[in-house]
Asks: 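Before we start, here is the structure in question, set down as structure tokens.
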Amino acid sequence: MQQSAAMIPVFDQLCPMHVLLDTTGHVVHAGPTLQKLRPDAPLASLRFLELFELQRPRAVRSMEELLASSGMKLHLRFRDAPPTDLKGVLMPLPGGEGAIVNLSFGISILDAVGDYKLTSADFAATDLTIEMLYLVEAKSAAMEASRMLNQKLQGAKIAAEEQAYTDTLTGLKNRRAMDHVLGRLIAGERPFALMHIDLDFFKAVNDTLGHAAGDHVLQHVARIMVEETRAADTVARVGGDEFVILFDGLTGRGVLDRVARRIIGQLEKPIPFDGQRCKISASCGTALSSDYDTPEAERMMADADLALYASKRRGRACHTFWSRDLAEEAQATLPPACRGDAAHVPPPRQ
Amino acid sequence: MHGLINRAIQRFVTDTYGEEAWQRVARAAELGFTDFEAMLIYEAVMTQRVLDAVCDDLEKPCAEVLEDLGTYLVSHPNVEALRRLLRFGGVDFTEFLHSLNDLPDRARLAVSDLDLPELELREHAHDRFSLTVSAPQDGFGHVMMGVLRTLADDYGALVYLEHKGGPRGREVIDITLIEAGFAEGRHFDLAARVG
């Protein structure tokens, strides 16, 4: 052992986490950094296998078995707290004098620097640990900056999408959003109703009281439609004074007729604006997904439109369901493009 | 110029002189936006316009503003990460000085498109050094003056620094180490604080 004793200062410098073991497997000397991990009690004279639990290779219980694992990568763990994981390699000393085990932290270094208050001086000059810690921090800082940017971009994307689907004057969904929801309802094979609503006498408000009054009325109308429908329904402004409501999961004629009448009733209450009273009404037409074998968006829009025309012809301020009879009747009597109000109204702002 | 550098200037102005001051600078520099993103790249002229606007706004010579920026970068708690990364360079000030040669490469390890000025340290005697700062834009030398002065304090070393100027794109700083262990210095803990 004398020869190895003379080597201790060399080992301490080159591998500050080494342990010298005698022939019985007891610690003769521990390198300064390893000793720093257990500052309260000297490691010397403790039995190596009582100090560490060997996790790989397993079932090593004696110095002989330990020596048999020489040159292999050892996975060990302190038996007492904190149970830091270590990696190591054991080599027998020349002349059967015992063995030297060199240890290092693997990835456990990230916890170990905190647990043991390690400093640069605790590592061999050639050890890359400090560089690794540097990289971990630098990468974390860079990732954090990237994460912040991603979060910001994500927020901007959501806001842009929101805007792209919103009618900015009324806050309702726009035509694009309505098409999107309609497509989804059809693809999901859900029962639904498509109600087309066209304001009556809106042009008169716009022409006599000005665009500000018109805008005010549209906002008021939007509010009523949202109030009279459920959160799951989609209310969209699809034209100047045209609206579409998609009723998700609802095809009951009685309920839909009541909703339409309630909306018309609310819209007919005069809307005060700037000391004036704006009077409008509305005509509604509804197509039900249950009336088709395979509902199609364009077809349903056209049919709801047809039902809306029928309401207009019946003297406005009423609600009509599309039906095959209605379609045949319309074929016979209705001249194309006979709409009264929709001509000179402002298009929806995107 | 890398967003990290622009962002650093923005944070320096904001943390030192307030959000109002930064808003004035962003307007005067005609950025068209108010916040630099750390992970985007901006045109170099933008950085120059910002620096000019900062100097105008503070009514201070550019060299002084840049040195203050250097000081800020390694001392303000909001940018503590940077001080830590630099302190990884060495256990004492001399070792830190030598680690500056590797700094641009180290920075690229973390952010591959970040081009820092080239730094070249020469040791003339054990207590006499010179640092050459080479970059397409002048001014980094003054930032390094602030960084070196503050980190010397951080290490507890007493140093004398002199900015010698130099040909365009190359600035030389003379460094005299008067006493390595002049004061206690600030503690450096290898374990990173999470957060």
Side-chain angles (χ1 to χ4, degrees), chain A residues 12-13 16-17 32-34 36-37 39 82 84-86 104-157 159-160, chain B residues 2-8 10-11 33-42 73-74 78-96 98-100 102-114 116 154-155 185-195:
Chain A
D12 278 353
Q13 194 66 35
M17 286 183 66
T33 302
L34 188 64
K36 188 174 176 176
L37 307 189
T84 306
D85 287 320
L86 297 169
S104 88
F105 302 98
I107 204 71
S108 71
I109 185 63
L110 297 177
D111 293 324
V113 285
D115 286 348
Y116 302 118
K117 301 262 172 286
L118 299 176
T119 70
S120 306
D122 293 319
F123 298 95
T126 49
D127 194 325
L128 287 175
T129 299
I130 302 296
E131 315 296 329
M132 190 185 88
L133 291 174
Y134 168 86
L135 256 186
V136 168
E137 283 203 39
K139 277 286 177 200
S140 305
M143 278 298 287
E144 177 62 13
S146 283
R147 202 184 55 80
M148 304 266 280
L149 176 59
N150 284 339
Q151 224 167 33
K152 216 177 210 177
L153 294 178
Q154 177 70 5
K157 180 171 166 259
Chain B
H2 201 283
L4 275 169
I5 293 174
N6 292 306
R7 182 83 185 158
Q10 178 184 343
R11 295 187 72 167
F33 54 85
T34 50
D35 287 318
F36 278 114
E37 287 300 339
M39 286 293 146
L40 297 180
I41 310 281
Y42 298 87
L73 286 177
V74 288
N78 286 359
V79 284
E80 169 73 7
L82 194 58
R83 169 197 169 247
R84 285 188 54 77
L85 290 177
L86 288 170
R87 283 284 306 245
F88 271 107
V91 287
D92 57 37
F93 189 66
T94 306
E95 211 186 309
F96 161 75
H98 283 287
S99 77
L100 289 175
D102 300 332
L103 188 64
D105 286 336
R106 275 174 174 258
R108 263 193 295 277
L109 273 181
V111 183
S112 54
D113 56 0
L114 176 59
L116 289 182
D154 211 288
Y155 277 105
R186 267 176 79 190
H187 181 66
F188 175 63
D189 194 346
L190 276 184
R193 268 132 298 190
V194 179

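Within every chain, numbering begins at 1; the chains are lettered A, B, ... in the order of the sequence lines, protein sequences first and strands thereafter.
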Asks: List for me each residue that meets ring pair (Phe, Tyr, Trp, His ring centres under 6.0 Å) alongside B:Y42, sequence neighbours excluded, and say none if there are none.
Replies: B:F33, B:F36
Asks: So what's closer than 4.5 Å to chain B heavy atoms on A:E131: side chain, backbone, both or neither?
Replies: side chain
Asks: Any idea which heavy atoms bring B:M39 and A:A145 closest together, and the distance?
Replies: CE-CB, 3.6 Å
Asks: Would you say CE of A:M143 has more than 12 non-hydrogen atoms from neighbouring residues, nucleotides or ligands within 6.0 angstrom?
Replies: no
Asks: For B:R87, what residues pass the side chain to side chain donor-acceptor pair (under 3.5 Å) criterion, not counting sequence neighbours?
Replies: B:D154
Asks: Using heavy-atom distances under 4.5 Å, tell me whether B:R7 contacts chain A through its side chain, its backbone, both, or neither.
Replies: neither
Asks: Compare every heavy atom of B:V91 with every heavy atom of A:S120, then report the nearest pair and how far apart it is.
Replies: CB-CG1, 3.1 Å
Asks: Given that the side chain runs from C-beta out, which part of A:L135 has a heavy atom under 4.5 Å from chain B: side chain, backbone, both or neither?
Replies: side chain
Asks: Of all heavy-atom pairs between B:L85 and A:E137, which one has the smallest distance, and what is that distance?
Replies: CD2-CB, 3.8 Å
Asks: Considering only heavy atoms, which portion of A:T119 lies under 4.5 Å from any heavy atom of chain B: side chain, backbone, both, or neither?
Replies: backbone
Asks: When only heavy atoms count and the cut-off is under 4.5 Å, which of residues 147-157 of chain A reach chain B?
Replies: A:L149, A:K152
Asks: Can you name the residues that form a ring pair (Phe, Tyr, Trp, His ring centres under 6.0 Å) with B:F96, not counting sequence neighbours?
Replies: B:F93, B:Y155
Asks: So what's closer than 4.5 Å to chain A heavy atoms on B:D102: side chain, backbone, both or neither?
Replies: neither
Asks: Considering residues, nucleotides and ligands other than B:E95, do more than 12 of their heavy atoms fall under 6.0 Å from its CD?
Replies: yes
Asks: Heavy-atom pairs under 4.5 Å with chain B are the metric here; pick the option from A:D111, A:I130, A:D115, A:L110 that has the most.
Replies: A:I130
